[in-house]
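Worksheet: the structure to be examined is printed underneath.
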Amino acid sequence: MDFTGKLDEAGARALDAGSELASTRERFLIPPSPAHESREAIYLCGNSLGLQPKTLRPALLAELDDWGRLGVEGHFHGKHPWFSAHEPLRAPAARLVGAEPHEVVVMNSLTVNLHLLMASFFRPEGQRTKILIDAPTFPSDVYAVKSQLRFHGLDPAEHLLVVGPRDGEHTLRTEDVLETLEREGDRIALLLLGGVNYYTGQLLPLGKVTSAAQAKGCVVGVDLAHAAGNAVLKLHEWGVDFAAWCNYKYINSGPGALGGAFVHERHLGRGGAEDFAAFTARPRFEGWWGNEPESRFQMGPEFVPVKAADAWQLSNPPILALTPVRVSLELFEEIGIDRLREKSLRLTGYLEQLLDGISDQGLEVITPRDPDQRGCQLSILAHNDPEGLHARLQAAGVICDFRRPNVIRVAPVPLYNTFLDCYEFAEVLRGV
Ligand SMILES: *Cc1c(COP(=O)(O)O)cnc(C)c1O
């Protein structure tokens with residue numbers, strides 16, 4: 001992608017005018033600029049918290065009205081009956097991650113889901129006891145895997161393997177992941193990978209790595225926090241065993257939103273009686289909302305799992321938290337992740353070329369240059385005073401984030417960011 005001749009304000013405006021998705025920005029509440037109340041912020045922080053769809057407020061009020069008007073009857077007679085409220089979310093959520101609807105459930109939050117899925121899919125046995133993760137790793141994921149190891153009586157110092165960028169490099173080489181699997185694979189019970197790395201913005205070739213790990217007998221789990229709603233994913237086709245993600249970053253469902261979980265079809269007991277018996281017998285933390293809906297309210301003592309990712313669901317879902325996910329997914333359904341990704345490639349490519357123009361100012365983009373190896377985020381390593389730089393950006397009207405030790409993350413999100421946002425950000429950055 002070459003934006004030569006378009007790297008000025010008029011060029012940015014022309015790109016926006018020519019973009020068929022330019023109007024989706026109007027569906028969101030854009031926060032005011034931290035610099036001037038009357039202007040909109042240059043909001044490049046959708047990697048941390050996506051913006052609020054305007055359709056959310058009335059949708060939440062409608063749920064409150066149903067509760068007020070129907071009381072408990074809302075479970076079956078509301079506009080979106082609460083008893084099955086999570087079910088219509090399966091198909092749209094599945095489309096975002098490339099799954100079959102029965103492989104996906106919206107529930108809990110990300111770290112909780114990782115734990116519930118690891119309870120079932122991290123089963124250390126004999127020589128095969130280790131967990132392999134990629135670095136840099138988000139702290140919550142590190143805490144989760146270390147505590148899972150200790151839960152099984154295993155010392156993380158010995159049983160947690162980490163594959164990270166080589167000395168002097170910023171991103172991970174796929175060949176190093178494959179080499180680690182080749183060398184240690186027989187001792188690895190679980191490979192837990194980030195889809196898009198939170199720090200560097202690197203997108204890993206998940207299909208390739210999954211096949212290599214499974215050929216060695218490892219179970220593969222993926223954390224899609226920064227990938228869901230951002231990259232095009234094919235979890236079913238890649239054969240990933242399980243995955244979890246949050247819905248408040250690129251999926252715009254609000255702070256602390258309910259997360260998503262994926263379990264591959266081959267683990268869902270759908271292949272006949274024997275398969276179902278194995279599915280029922282799999283160690284799992286269980287609750288009534290994981291039970292078949294037909295017998296859920298018979299209140300019997302036997303757990304009969306839904307032949308779906310729902311089997312991992314424990315409680316009846318918090319309806320007021322489910323509503324933002326439903327509303328946000330409607331937008332993705334309307335537009336489609338493929339079209340969003342197409343725009344995203346252009347937006348991020350544009351931002352990259354603008355940043356290339358100021359690369360002599362002690363700044364270095366560490367996100368891979370190859371668009372197939374990244375989502376929309378670019379991570380800018382600031383060699384001098386990154387915290388001060390971040391504060392000056394904020395004072396000039398930019399909302400983006402800073403991650404220790406020295407990275408400023410900017411994410412032009414195709415649903416609501418514009419080429420003009422990218423241009424204005426680069427100008428502010430040049431100025432500060
Ligand atoms: C955002 C993020 C989390 C957050 O976890 P929650 O349980 O939703 O609070 C965890 N892991 C990664 C990689 C993330 O990017």
Side-chain angles (χ1 to χ4, degrees), residues 1-16 19 33-35 40-48 136 165 168-172 196-203 226 230-231 250 341-432:
M1 251 168 273
D2 185 8
F3 293 101
T4 309
K6 296 234 159 42
L7 298 171
D8 56 9
E9 185 176 337
R13 288 185 190 279
L15 287 166
D16 282 323
S19 164
S33 162
E40 288 176 340
I42 303 170
Y43 193 86
L44 295 172
C45 217
N47 56 322
S48 191
E169 298 185 5
H170 297 296
T171 51
L172 192 56
V196 170
N197 189 276
Y198 83 99
Y199 191 75
T200 64
Q202 180 180 20
L203 168 62
H226 284 264
N230 180 18
Y250 295 106
R341 173 68 174 165
E342 212 175 292
K343 169 150 185 205
S344 174
L345 289 172
R346 288 170 53 72
L347 264 182
T348 296
Y350 184 63
L351 177 60
E352 180 177 47
Q353 281 179 34
L354 289 163
L355 294 178
D356 283 345
I358 47 177
S359 59
D360 55 342
Q361 300 188 6
L363 304 172
E364 181 187 350
V365 174
I366 60 170
T367 307
R369 289 195 80 91
D370 173 5
D372 290 338
Q373 292 182 51
R374 65 187 188 201
C376 70
Q377 170 186 322
L378 294 180
S379 301
I380 306 170
L381 194 151
H383 292 288
N384 323 312
D385 187 23
E387 254 180 302
L389 178 61
H390 180 249
R392 291 195 298 279
L393 286 170
Q394 181 103 6
V398 175
I399 301 179
C400 63
D401 75 8
F402 168 63
R403 280 287 171 269
R404 270 169 219 295
N406 51 10
V407 158
I408 288 169
R409 305 186 300 179
V410 284
V413 171
L415 267 173
Y416 47 75
N417 283 122
T418 57
F419 290 92
L420 189 62
D421 284 335
C422 297
Y423 170 76
E424 288 182 339
F425 169 73
E427 280 307 290
V428 168
L429 186 62
R430 184 197 302 277
V432 301

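- With a 4.5 Å cut-off on side-chain heavy atoms, Leu363 and Leu355 do not count as touching.
- When all heavy atoms are compared, the tightest approach of Gly46 to Tyr416 is CA-OH, 3.2 Å.
- The backbone N or O of Arg403 lies less than 3.5 Å from no partner atom in the side chain of His390, so there is not a single donor-acceptor pair.
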Exercise. Under the side-chain contact (heavy atoms from CB on, under 4.5 Å) criterion, do Leu429 and Ile408 qualify, and how do the steps go?
Worked result: CA-CA 11 Å; Leu429 186 62; Ile408 288 169; 5.9 Å; no

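- The backbone N or O of Pro414 lies less than 3.5 Å from no partner atom in the side chain of Ser344, so there is not a single donor-acceptor pair.
- Taking the side chain as every heavy atom from C-beta outward, Thr171 and Pro165 never approach each other to under 4.5 Å.
- Side-chain atoms of Val196 and Gln377, non-hydrogen and from C-beta on, never get closer than 4.5 Å to each other.
- Between Gln353 and Asp2, some side-chain heavy-atom pair lies under the 4.5 Å cut-off.
- Proximity of Phe425 to Leu393: side-chain heavy atoms (C-beta onward) are separated by under 4.5 Å at one or more points.
- Ion pairing of Glu342 with Arg346 is absent here, as no side-chain N (NZ or NE/NH1/NH2) approaches a carboxylate O to less than 4.0 Å.
- Remark: the backbone N or O of Thr367 is not paired with any side-chain donor or acceptor of Thr200 at under 3.5 angstrom.
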For this session: Evaluate the criterion side-chain contact (heavy atoms from CB on, under 4.5 Å) for residue pair Arg392 and Asp385; output intermediate values, then yes/no.
Result: CA-CA 11 Å; Arg392 291 195 298 279; Asp385 187 23; 3.8 Å; yes

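- With values rounded to the nearest 0.5 angstrom, Arg374 atom CZ is found 10.5 Å from Leu203 atom CG.
- Listed for the Asn384 side chain is no donor-acceptor partner under 3.5 Å among the backbone atoms of Gly362.
- Between Phe419 and Phe3, the two ring planes are tilted [angle within 30° to 60°].
- In this structure, the side chains of Leu347 and Cys422 come closer than 4.5 Å at one or more pairs of heavy atoms.
- The shortest side-chain heavy-atom distance between Pro136 and Asn197 falls under the 4.5 Å cut-off.
- Ile366 and Leu381 make their closest contact through CG2-CD1, 3.7 Å (heavy atoms, listed as atom of the first residue, atom of the second, distance).
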For this session: Let me see the working for Arg369 and Val365 under side-chain contact (heavy atoms from CB on, under 4.5 Å), right down to the final yes or no.
Result: CA-CA 9 Å; Arg369 289 195 80 91; Val365 174; 5.8 Å; no

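- Ring geometry, Tyr198 versus His226: the interplanar angle falls from 30° to 60°, so the pair is classed tilted.
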For this session: Walk me through it: do Phe402 and Val407 pass the test side-chain contact (heavy atoms from CB on, under 4.5 Å)?
Result: CA-CA 6 Å; Phe402 168 63; Val407 158; over 6 Å; no

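- When every heavy atom of Asn230 is checked against every heavy atom of Cys376, the shortest pair comes out as OD1-N, 3.0 Å.
- One distance of note links CG of Asp356 with CG of Leu7; it measures 9.5 Å at 0.5 Å rounding.
- Arg430 and Gly357 make their closest contact through NH1-O, 4.3 Å (heavy atoms, listed as atom of the first residue, atom of the second, distance).
- Taking NE2 of His170 as the reference point, atom CD of Glu364 lies at 4.0 Å (rounded to 0.5 Å).
- With rounding to the nearest 0.5 Å, the separation of CG in Asp401 from CG in Asn47 is 5.0 Å.
- For the atom pair Glu427 CD and Ile358 CD1, the distance stands at 8.0 Å (nearest 0.5 Å).
- The heavy-atom pair separating Asn417 from Ala411 by the smallest distance is OD1-O, 3.4 Å.
- Closest of all the heavy-atom pairs between Tyr423 and Ala12 is CB-CB, 3.8 Å.
- Taken from CZ in Arg409 to OG in Ser48, the straight-line distance is 5.5 Å, to the nearest 0.5 Å.
- Residues Thr418 and Asp421 form a side-chain contact, since some pair of their non-hydrogen atoms from C-beta on lies under 4.5 Å apart.
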